[in-house]
Amino acid sequence: QKEVEQNSGPLSVPEGAIASLNCTYSDRGSQSFFWYRQYSGKSPELIMFIYSNGDKEDGRFTAQLNKASQYVSLLIRDSQPSDSATYLCADSGYSTLTFGKGTMLLVSP
Amino acid sequence: DAGVIQSPRHEVTEMGQEVTLRCKPISGHNSLFWYRQTMMRGLELLIYFNNNVPIDDSGMPEDRFSAKMPNASFSTLKIQPSEPRDSAVYFCASSLGSGGATDTQYFGPGTRLTVL
């Protein structure tokens with residue numbers, strides 16, 4: 001049974017700072033991971049996925065995967081109040097996603 | 001383009017009643033997923049269909065839950081009889097492929113179910 005662990009937070013950062021969100025996973029064979037953002041009362045929406053070791057950048061977002069440490073992170077540069085949401089990390093298996101419970105991010109103006 | 005459509009958006013029912021949740025996936029998508037989200041357990045996969053065929057139903061809690069996908073554009077999740085512990089937000093998601101490592105899932109708006 002795959003497990004994905006995330007600190008529930010909240011993680012509080014000031015506007016303009018870098019927010020660092022992390023998750024660890026249990027399946028050493030896992031190959032790819034998704035990051036979703038979920039605003040309160042809304043559905044999850046895709047931010048990005050990462051498939052290989054190292055970094056992947058998309059605008060203000062950078063995903064990092066370290067397979068040796070079984071660790072995935074999401075960096076948000078120049079954080080904005082509109083980034084305040086819960087961020088879900090998901091382990092992509094052969095056909096399904098296993099989600100962590102999410103980290104709440106609060107960006108204060 | 002329309003996204004994933006779910007109905008109803010909110011459902012309040014009494015314990016013992018039958019509840020049916022509906023989902024229309026994005027046109028052309030081959031995989032459909034039903035999830036349940038609660039504060040305690042987070043987002044859990046209930047069942048996954050590929051090309052209208054149930055592939056993995058290991059997340060269905062018990063026999064009270066059933067899901068069908070009679071065609072490529074419609075799926076239902078039924079709870080009979082409903083219990084208060086079934087209260088949650090139920091999401092439907094769809095993806096273009098067969099759910100592989102890079103196959104993005106797109107979520108519907110969810111159905112908030114309250115069982116009294």
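Here is the naming used below: chain letters follow the sequence lines, and residue numbers restart at 1 for every chain.
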Item checked: ILVMFWY network linking V4(A) to Y36(A), side-chain heavy atoms under 4.5 angstrom -> no

Notebook entry, point to check: Between Y106(B) and F74(B), is there a shared hydrophobic cluster once you connect ILVMFWY residues whose side-chain heavy atoms come closer than 4.5 Å?
Noted result: no

Check: Where does Q37(B) contact chain A at under 4.5 Å (heavy atoms): side chain, backbone, both or neither?
Finding: side chain

Margin query: Would you say V72(A) ends up clustered with M48(A) if hydrophobic residues are merged whenever their side chains have heavy atoms under 4.5 Å apart, either directly or through other cluster members?
Written below: yes

Check: If you count the non-hydrogen atoms of other residues, nucleotides and ligands that lie under 6.0 Å from CG in D63(B), is the total more than 12?
Finding: no

Margin query: Using a 6.0 Å cut-off, check whether atom CD1 of I18(A) has over 12 heavy atoms from anything other than its own residue.
Written below: no

Notebook entry, point to check: Checking heavy atoms, do the side chain of F33(A), its backbone, both or neither come under 4.5 Å from chain B?
Noted result: neither

Check: Counting only heavy atoms not in E14(B), do more than 12 sit closer than 6.0 Å to its CD atom?
Finding: no

Check: Got more than 12 heavy atoms from elsewhere within 6.0 Å of NZ, K68(B)?
Finding: no

Next item on the list: Specify the closest pair of heavy atoms between F91(B) and K42(A), including all atoms of both residues, with the distance to one decimal.
Entry: CZ-O, 3.8 Å

Checklist line | Atom group of L97(A) that falls short of 4.5 Å from chain B, counting heavy atoms | finding: both

Next item on the list: Run the numbers on M39(B) and K101(A) for side-chain contact (heavy atoms from CB on, under 4.5 Å), then give the verdict.
Entry: CA-CA 8 Å; M39(B) 289 292 294; K101(A) 293 183 180 179; over 6 Å; no

Checklist line | Approximate separation, where rounding is to 0.5 Å, of T96(A) OG1 and I47(B) CD1 | finding: 12.5 Å

Next item on the list: Kindly work out whether a path of hydrophobic side-chain contacts (I/L/V/M/F/W/Y, heavy atoms less than 4.5 Å apart) joins I47(A) to Y25(A).
Entry: yes

Notebook entry, point to check: So which bits of residues 107-116 of chain B come within less than 4.5 Å of chain A, counting non-hydrogen atoms only?
Noted result: F107(B), G108(B), P109(B)

Notebook entry, point to check: What part of L43(B) is in contact with chain A, defined as an atom under 4.5 angstrom from a non-hydrogen atom: side chain, backbone, both or neither?
Noted result: both

Check: Is it the case that one hydrophobic cluster holds both V13(A) and Y87(A), taking links as side-chain heavy atoms less than 4.5 Å apart, direct or via other members?
Finding: yes

Notebook entry, point to check: If you round to the nearest 0.5 Å, how far is CZ of F49(A) from CD of Q105(B)?
Noted result: 13.0 Å

Item checked: Region of E45(A) that comes under 4.5 Å of a non-hydrogen atom in chain B -> neither

Next item on the list: Determine whether more than 12 heavy atoms belonging to other residues, nucleotides or ligands lie under 6.0 Å from atom OH of Y71(A).
Entry: yes

